[in-house]
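The structure under discussion appears below in the form of structure tokens.
Not measured: the values here are computed from a predicted model.
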Amino acid sequence: MTQRSKHYPQHIDLQPVLRVQGVVRLPGSKSISNRTLLLAALAQGTTQIMDLLASDDTLVMLNALQQLGVHWQQDGSTQNYTVQGVNGQLPKHQADLFMGNAGTAIRPLVAALAVLGGDYTLHGVARMHERPIGDLVEALNQAGAQIEYSGNPGYPPLHIRRGHIHAQRLQVKGNVSSQFLTALLMAAPLMAREQAVSIEVSGELISKPYIEITLNLMQRFGVQVQRDGWQAFTVEAGQHYRSPGVIHVEGDASSASYFLAAGAIAGGPVRVEGVGRDSIQGDVRFAEALEKMGATIARGDNWIEASSNGVLQAIDMDCNHIPDAAMTIAVAALYANGSTTLRNIASWRVKETDRLSAMATELRKLGALIEEGPDCMTITPPERILPATIATYDDHRMAMCFSLASLDGAARRGAAIRIDDPKCVAKTFPDYFEVFAQINHKNLF
């Protein structure tokens with residue numbers, strides 16, 4: 001995986017950019033990549049995965065699967081992988097797994113390992129040990145799993161012992177992270193060998209489009225899930241994962257948001273390739289938010305394009321369905337005519353950092369007036385964007401979002417922006433700053 005050898009400077013200085021234009025080929029989706037890797041590992045048969053994301057988070061999953069006895073092979077220097085499925089029976093029943101800060105890896109793996117049984121420990125970086133996992137652990141333990149906390153209750157690190165899943169009905173809270181439901185759904189066929197298993201969601205389910213990704217991929221691997229709206233999901237007995245043979249990973253729609261926003265702010269057109277109107281990712285709806293702000297958007301089967309249509313307009317938006325891409329709207333709001341309010345973003349607080357607090361802090365450095373609530377934020381842009389050094393909090397999306405503050409928009413000019421610790425982008429998009437330089441025709445290194 002190329003990200004391991006990549007060198008990053010301590011900081012990157014971005015000078016103001018008058019106009020952006022170009023075509024960007026997106027890296028693979030993180031959400032699709034890690035789900036696909038686990039499903040391919042659990043399936044019967046061999047799966048060829050095309051265009052897998054090269055990133056820290058996928059490396060975490062690949063290494064974990066290897067330690068569990070799953071055989072995979074990379075096709076030369078490409079991002080195509082061949083995974084030999086274990087048909088629901090992991091070869092190794094004992095492992096010590098380092099999960100970095102990859103929520104898309106640790107949560108589904110916890111559920112699968114708890115159901116299959118063994119002696120496993122899972123731990124990560126310090127921030128991972130601050131990210132909640134208690135709702136998932138509680139749901140599994142109530143069903144007969146044996147998962148213990150090695151540190152603070154409700155958080156990793158975890159120790160999984162061999163339990164006995166006996167429940168046919170599980171319940172999980174939906175208001176902290178949709179990854180808890182995703183984890184239970186992906187493990188459900190492993191539980192439903194003789195009797196159907198139902199998963200009930202208590203409270204509001206956030207980030208619903210990510211559940212759509214999970215259900216879509218489970219279907220690609222041969223498992224049908226019956227659903228009662230967003231409140232209950234049932235997997236009938238006797239289903240098991242089967243390889244689809246070859247599966248292509250879509251480009252990452254969350255990563256697309258930075259380039260589409262750049263086109264909306266600073267002229268464009270900027271086209272992203274790898275996602276289009278038929279994408280299974282909810283974050284493609286970020287383009288609808290840009291349209292509401294006044295940008296011009298065009299769509300094809302495998303591409304989306306954004307260009308500026310004058311001054312962006314402020315919006316008031318419920319962002320529950322696009323929590324990651326909503327961060328990009330917060331920076332685009334610096335170029336809007338009026339105050340933009342983003343609502344229903346409480347999940348920001350339990351991501352790679354407390355993103356609500358971090359975004360508020362860094363936006364204020366640029367001169368914006370920020371009102372921060374428990375689950376909302378209002379951004380009033382400054383008369384002019386101020387030069388600033390942006391702290392990134394070891395959070396890839398902080399680094400990528402704030403690169404946009406260097407752009408000149410119709411309403412106000414960008415400023416000289418220093419991005420500290422740019423290596424954090426390796427989590428999902430190791431080459432982000434080189435690609436960003438291509439559309440603004442600047443050399444960064």
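A donor-acceptor contact shorter than 3.5 Å is absent between the side chain of Gln44 and the backbone of Arg242. The main-chain N or O of Ala102 is never found under 3.5 Å from a side-chain atom of Arg131 such that the two would form a donor-acceptor pair. Looking at Gln79, its side chain does come within 3.5 Å of a backbone N or O of Leu52 through a donor-acceptor pair. Side chain of Arg412 to backbone of Leu334: a donor-acceptor contact under 3.5 angstrom is found. Thr392 places no side-chain N or O within 3.5 Å of a backbone atom of Asp395 that could act as its donor or acceptor partner.
Relative to the six-membered ring of Trp303, Arg299 misses at least one condition, a distance below 6.0 Å or an angle of at most 45° to the axis.
Not a single side chain to side chain contact (heavy atoms under 4.5 Å, CB included) links Gln73 to another residue, sequence neighbours left out.
Ring orientation note: the planes of Tyr258 and Tyr432 are nearly perpendicular, at an angle over 60° on the 30°/60° scale. Between Phe259 and Phe436, the angle of the ring planes lies from 30° to 60°, which puts this pair in the tilted group.
Between Asp318 and Arg343 there is no salt bridge, since no side-chain nitrogen of the basic residue lies less than 4.0 Å from a carboxylate oxygen of the acidic one. A salt bridge is absent between Asp420 and Arg418; no separation between the charged side-chain nitrogens and carboxylate oxygens falls under 4.0 Å. A salt bridge links Glu352 with Lys427: the distance from a Lys NZ or Arg NE/NH1/NH2 to an Asp or Glu carboxylate oxygen falls below 4.0 Å. Checked for salt-bridge contact, Arg277 and Asp301 meet the test: a charged N lies under 4.0 Å from a carboxylate O. Between Asp324 and Arg355 there is a salt bridge, since a side-chain N of the basic residue sits under 4.0 Å from a carboxylate O of the acidic one.
Between Asp283 and the choices Ser255, Ser254, Ser257, the side chain to side chain donor-acceptor pair (under 3.5 Å) rule is met once, by Ser254.
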